[in-house]
Amino acid sequence: MLIRTPADILPSEITSQAHYEGRRRFIAQAGSFALASALPAAPALAGNLGPLARNPFSSQEELTSRKAITTYNNFYELGTDKADPAQNTHRLKPSPWTLRIEGLVNKPRSFSLDELLKIAPLEERIYRMRCVEGWSMVIPWVGIPLAALLKQADPQGSAKYVEFISHYDKATMTHGVLDWPYNEGLRLDEARHPLTILAVGLYGETLPVQNGAPVRLVVPWKYGFKGAKSLVTIRLTEKQPLTAWMKAGPSEYGFYSNVNPEVDHPRWSQATERRIGEFGKRKTLMFNGYGEQVASMYSGMDLRRFF
Ligand SMILES: Nc1nc2c(c(=O)[nH]1)N[C@H]1C(S)=C(S)[C@@H](COP(=O)(O)O)O[C@H]1N2
Ligand SMILES: [Mo]
């Protein structure tokens with residue numbers, strides 16, 4: 001469990017977060033992408049992604065601190081304790097990088113990070129995130145809709161699913177635990193849903209290694225493990241991909257993994273969650289609160305069977 005003490009909070013963090021909050025409010029008041037784009041260049045912070053439009057899907061909830069988001073992580077390739085990934089960032093070099101999109105597409109190709117950033121305007125997306133382990137955060141992601149990348153690759157009619165594969169380097173990363181490389185999957189309609197993004201940043205800056213640099217999947221109505229980090233391959237397929245977590249525990253981790261307070265994990269309840277930085281518990285919401293946007297994709301499905 002993460003306990004924040006004043007000694008943990010660096011002065012530099014307070015300054016940059018206060019600065020970030022100020023800038024964010026200002027852009028929100030500006031109220032349009034045209035105005036936000038016309039702002040002077042942002043101060044030269046390392047990895048600053050510049051003025052960003054805020055996507056209307058954004059949550060209004062209080063943000064989880066940057067410190068918690070970047071020091072309490074699941075990224076098993078960099079260690080299985082929550083504090084490990086932030087301490088093992090030297091094990092993954094996020095630049096240069098290529099992300100390949102392949103499989104059942106008419107235009108397979110590889111993208112550098114710079115090319116990816118040009119596919120669609122970068123947006124800030126403040127999303128509630130819920131880990132299957134029972135904690136949650138509110139994260140100001142920066143990203144592009146996955147749909148924009150899929151469109152460029154031109155999926156074939158037979159494509160029904162999308163597989164996401166993370167980088168794995170046997171020489172520097174964890175052995176055992178899962179069948180590496182880490183992979184995940186979505187149905188094609190889920191992958192194209194406007195809430196589904198490829199995140200390239202958070203808190204207005206490029207993605208820290210521990211959060212999946214340089215590019216990772218974010219699907220806010222599903223448990224956090226669906227959001228595969230440090231992606232190298234996106235593959236369109238006809239058959240449902242078999243994911244690393246499904247292989248590791250088929251009765252515990254299903255393909256859909258929609259956040260559902262009514263379907264417990266075999267070893268614990270999913271009815272409540274602890275928001276990192278808060279004491280006590282909150283009730284977990286169906287589809288993590290995104291039901292209005294996503295429930296229609298599952299109409300007629302038994303969500304206990306397709307968990
Ligand atoms: N490649 C890879 N991706 C991963 C994981 C992982 O171990 N390896 N952990 C998942 C889990 S369980 C969660 S909750 C989120 C955590 O993302 P965060 O550390 O950015 O909050 O990443 C997901 N993506
Ligand atoms: Mo998770």
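Treat the numbers as computed from the prediction; the structure is a model and nothing was measured. Just follow the structure's listing: the first ligand is 1, and inside any ligand the first atom is 1.
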(message) Going by the rule side chain to side chain donor-acceptor pair (under 3.5 Å), which residues pair with K229 if we only count those two or more places apart in sequence or in a different chain?
(response) none
(request) With sequence neighbours excluded, tell me which residues meet side chain to side chain donor-acceptor pair (under 3.5 Å) with T237. (result) none
(message) Around atom NZ of K151, are there more than 12 heavy atoms from other residues, nucleotides or ligands closer than 6.0 Å?
(response) no
(request) Using ring pair (Phe, Tyr, Trp, His ring centres under 6.0 Å) as the criterion, point out the one residue from W245, F307, Y253, F225 that pairs with H265. (result) Y253
One line per pair, note the atom names and distance for all nitrogen or oxygen contacts under 3.5 Å between ligand 1 and the protein.
{"from": "ligand 1", "atom 1": "1 (N)", "to": "E77", "atom 2": "OE2", "distance (Å)": "2.8"}
{"from": "ligand 1", "atom 1": "1 (N)", "to": "S166", "atom 2": "OG", "distance (Å)": "3.0"}
{"from": "ligand 1", "atom 1": "3 (N)", "to": "K229", "atom 2": "N", "distance (Å)": "3.1"}
{"from": "ligand 1", "atom 1": "7 (O)", "to": "Y76", "atom 2": "N", "distance (Å)": "2.8"}
{"from": "ligand 1", "atom 1": "8 (N)", "to": "E77", "atom 2": "OE1", "distance (Å)": "2.7"}
{"from": "ligand 1", "atom 1": "9 (N)", "to": "N74", "atom 2": "O", "distance (Å)": "3.1"}
{"from": "ligand 1", "atom 1": "17 (O)", "to": "R216", "atom 2": "NH2", "distance (Å)": "3.2"}
{"from": "ligand 1", "atom 1": "17 (O)", "to": "K229", "atom 2": "NZ", "distance (Å)": "3.4"}
{"from": "ligand 1", "atom 1": "19 (O)", "to": "N73", "atom 2": "ND2", "distance (Å)": "2.8"}
{"from": "ligand 1", "atom 1": "19 (O)", "to": "K229", "atom 2": "NZ", "distance (Å)": "2.7"}
{"from": "ligand 1", "atom 1": "20 (O)", "to": "N211", "atom 2": "ND2", "distance (Å)": "3.0"}
{"from": "ligand 1", "atom 1": "20 (O)", "to": "R216", "atom 2": "NH1", "distance (Å)": "3.0"}
{"from": "ligand 1", "atom 1": "22 (O)", "to": "R216", "atom 2": "NH2", "distance (Å)": "3.3"}
{"from": "ligand 1", "atom 1": "24 (N)", "to": "G227", "atom 2": "O", "distance (Å)": "2.8"}

(request) Among residues two or more places apart or on two chains, list those pairs meeting ring pair (Phe, Tyr, Trp, His ring centres under 6.0 Å) that have a residue in residues 82-116. (result) W97-H167
(request) Would you please classify the geometry between the Y168 ring and the W180 ring as parallel, tilted or perpendicular, with 30° and 60° separating the classes? (result) parallel
